[in-house]
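Worksheet for the structure shown next.
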Protein chains: 2
Amino acid sequence: MNVPIPPPHEGLDAIRETLSGYYAGAGEFDIVVHHQAESASGVVMNERLDRILANGRWIELPVMGVFELSDGKVVKWRDYFDVGQLSAQM
Amino acid sequence: MNVPIPPPHEGLDAIRETLSGYYAGAGEFDIVVHHQAESASGVVMNERLDRILANGRWIELPVMGVFELSDGKVVKWRDYFDVGQLSAQM
């Protein structure tokens, strides 16, 4: 889920469609993880710079994400970022 | 630092002035921490809902924060949120 852009995408098909859409518009995708941590209850959080090459130009978005896991698989993923910071580069 | 609103506030005086400004406009301040984790290198991250009572109305902002510590004190604090989500409530 993009927290500033609800609603969440739920189910494998919806998630595949959403992520495919991101990748389709990107020549390259680069993720720089600054910090990552796991809570006592197994929730993973990270602070990242997501870099997307679109139309020959790198778009850079500072992001924090939280990942809830079950049986070793991500079951919830929420990203926090500023929509304005993204749209200003598009 | 509010990541979507640079520049960072640096130094005790600048930080005190900035935080005082937030509190001055708030009747109440409520922070709901959903998840919190510490990395192997001692960086703390959390996912929160910051609630601010302003002019008799609660403003609710989903936030993720990262805190770098040294000698038990916070030396860097970065919050990630969507400016639009905040301004839409003001």
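Heavy-atom basis, side chains included; hydrogens, waters and symmetry copies ignored. Letters A, B, ... mirror the listed sequences (proteins, then strands); counts begin at 1. Values in this document were obtained by computation on a predicted structure and should not be read as measured data.
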hydrophobic_cluster_shared for Tyr22(B) and Met1(B), side chain cutoff 4.5 Å: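 No, Met1(B) and Tyr22(B) fall in different hydrophobic clusters.
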If Ile, Leu, Val, Met, Phe, Trp and Tyr residues are connected whenever their side-chain heavy atoms lie under 4.5 Å apart, and connections chain through other members, are Val33(B) and Met45(A) in the same group? no
Salt bridge (Lys or Arg N to Asp or Glu O under 4.0 Å) partners for Asp13(A), two or more places apart: Arg16(A)
Largest heavy-atom contact set with chain B, pairs under 4.5 Å, which of Ile5(A), Val44(A), Val43(A):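 It is Val43(A).
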Any salt bridge (charged side-chain N to carboxylate O under 4.0 Å, His left out) involving residues 23-48 of chain A? Give me the pairs, sequence neighbours left out, ordered by first then second residue.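 Passing the test, one end in residues 23-48 of chain A: Asp30(A)-Arg51(A), Glu47(A)-Arg78(B), Arg48(A)-Asp50(A), Arg48(A)-Asp79(A).
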Taking CD in Glu17(B) as the centre, count heavy atoms belonging to other residues, nucleotides or ligands within less than 6.0 Å. Is the count above 12?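 Not buried by this count: 12 neighbours or fewer within 6.0 Å.
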Can you tell me how far apart CE (Met64(A)) and CE (Met64(B)) are? Round to the nearest 0.5 Å.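 Between atom CE of Met64(A) and atom CE of Met64(B) there are 4.0 Å.
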Region of Phe81(A) in contact with chain B, defined by heavy-atom distances below 4.5 Å: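 Looking at Phe81(A), just its backbone touches chain B.
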Over all atoms of both residues, closest heavy-atom pair of Ala37(A) and Ala37(B):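 Ala37(A) and Ala37(B) have their closest heavy atoms at CB-CB, 3.8 Å.
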Short side-chain to backbone donor-acceptor contact, Asp82(B) and Pro4(A), under 3.5 Å: no
Please rank His34(B), His35(B), Gln36(B) by heavy-atom pairs under 4.5 Å with chain A and give me the top one.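 Option with the greatest count: His35(B).
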